[in-house]
Asks: 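Structure incoming, see below.
Remember, it's 1-based here, ligands and their atoms both numbered in the order they're listed.
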Amino acid sequence: MQRISVIDSHTEGEPTRIIVSGGPDLGGGSVAQQRRVFQEKFDHIRSAVVNEPRGCDHLVGAIICKPQNPAAAAGVIFFNNVGMLNGCGHGTIGLAVTLAHMGRIGPGEHLIETPVGDVKIRLEPAHRVTISNVPSYRHAHAVELDVSVGGATRKVRGDVAWGGNWFFLVDREGAYGHGLDISLANLEALTRFSCAVRDALERSSITGTGGGVIDHIELFGPPVRTDCHSRNFVLCPGKEYDRSPCGTGTSAKLACLAADGKLRPGQVWGQESLIGSAFDGWFAPDPADSSRVLPSIRGSAWITSESTLIVDSTDPFGHGIRSSR
Ligand code: PYC
């Protein structure tokens, strides 16, 4: 019988379940090395924590691990229903309120180590958290794809950008836009189209830098909220959509807006999600590399439960029902 203590939170509607004790021993080294150990030796723990019958397909999991830099408040590794994530913006905001709930951090700025680089978190009053994310950039502009949906094939153009994960970003308008309503009522069509975009990227061997798999698809449309500039739909690697506006996806969007000269440093971009929640995002130029930006994302998160997961060795589904997605 294995007992794993977790704290659940949601960030703008998107849940995060964080292993706070009873998780696997990942050894030491960098957080990227510890993620490799988790992936190779403890995938059954990932599945036990996030998959049914304890979890669900849109639940993002995380484990707090030992940081390499003693000045960091924590290291963190994110995962979901089908495998490991690189970074996770909403999850890092969830981690901040979780560390505060545990009494490990107080208001102010703290350093977090992730497999893709250091992220700063600033814990603010009233459940607000600002993250200073990893350097983000547009890798390719106006990439043309042949996308097949429902027996018809048409050309779609989008940008490839890094914001802590790899994204393909498609606007709604124009002959090569997605042309869909970004609304919950249209969820099935949004999911079908985004999956077809991902298939087209794979078929065409289009990747991010160094062969990075583009496993997130982000579609944009006009906002419903008057305090936002855009509404998005984000398809995650396990075929679920992000209920939040996606922290790494908003970082990728900021990089594209900066590359197009459509947003100035420090100017706030309001990014609305499919469910009507929102992040504020802005960027500073990266002094180390003029092709990159340093994005900041602000959102809110709430603790939803503290619990102990029990993995009974006689339970045939003790390590979760592997997602078929
Ligand atoms: O907020 O970066 C994010 C994220 C990635 C996957 C789900 N949420």
Asks: Could you verify whether a donor N or O on one side chain and an acceptor N or O on the other, from T153 and D146, lie under 3.5 Å apart?
Replies: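 No - no donor-acceptor pair under 3.5 Å links their side chains.
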
Asks: Consider every N or O of E14 and every N or O of ligand 1, then say whether any pair is closer than 3.5 Å.
Replies: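 No; the residue has no nitrogen or oxygen that sits under 3.5 Å from a nitrogen or oxygen of the ligand.
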
Asks: So is S244 polar-close to ligand 1, meaning N/O to N/O under 3.5 Å?
Replies: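 No, S244 has no N/O under 3.5 Å of an N/O on ligand 1.
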
Asks: Output yes when the distance from some N or O of ligand 1 to some N or O of G247 is under 3.5 Å, and no in every other case.
Replies: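 Yes, G247 has an N/O under 3.5 Å of an N/O on ligand 1.
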
Asks: What protein heavy atom sits nearest atom 8 (N) of ligand 1, and how far away is it?
Replies: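 Heavy-atom neighbour on the protein nearest atom 8 (N) of ligand 1: D242 OD2, 2.7 Å.
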
Asks: Any N or O of G89 that comes nearer than 3.5 Å to an N or O of ligand 1?
Replies: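 Yes; at least one N/O pair falls below 3.5 Å.
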
Asks: In the structure I gave you, are the side-chain heavy atoms of V160 and R138 within less than 4.5 Å of one another anywhere?
Replies: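 No, every pair of side-chain atoms sits at 4.5 Å or beyond.
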
Asks: Heavy-atom distance under 4.5 Å between the side chains of F38 and R36, does that happen here?
Replies: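 In short, these two side chains do not touch, never coming nearer than 4.5 Å.
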
Asks: Looking only at heavy atoms, which two atoms of R46 and V82 are closest? And how far apart?
Replies: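 For R46 and V82, the tightest heavy-atom pair comes out as NH1-N, 3.7 Å.
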
Asks: At what distance is the nearest protein heavy atom to atom 6 (C) of ligand 1, and which residue and atom is it?
Replies: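 Looking at atom 6 (C) of ligand 1, the protein heavy atom closest to it is H216 NE2, 3.8 Å.
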
Asks: Answer side chain, backbone, both or neither: which part of T248 comes under 4.0 Å from ligand 1, heavy atoms only.
Replies: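 The answer is both, backbone and side chain.
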
Asks: So how far is it from R17 CZ to L59 CG, rounded to the nearest 0.5 Å?
Replies: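 One finds 5.0 Å between CZ of R17 and CG of L59.
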
Asks: Between N165 and ligand 1, does any nitrogen or oxygen pair lie at a separation below 3.5 Å?
Replies: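 No; every N/O pair is 3.5 Å or more apart.
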
Asks: Check whether more than 12 heavy atoms from other residues, nucleotides or ligands sit under 6.0 Å from atom CD of E202, and answer yes or no.
Replies: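 No, not enclosed.
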
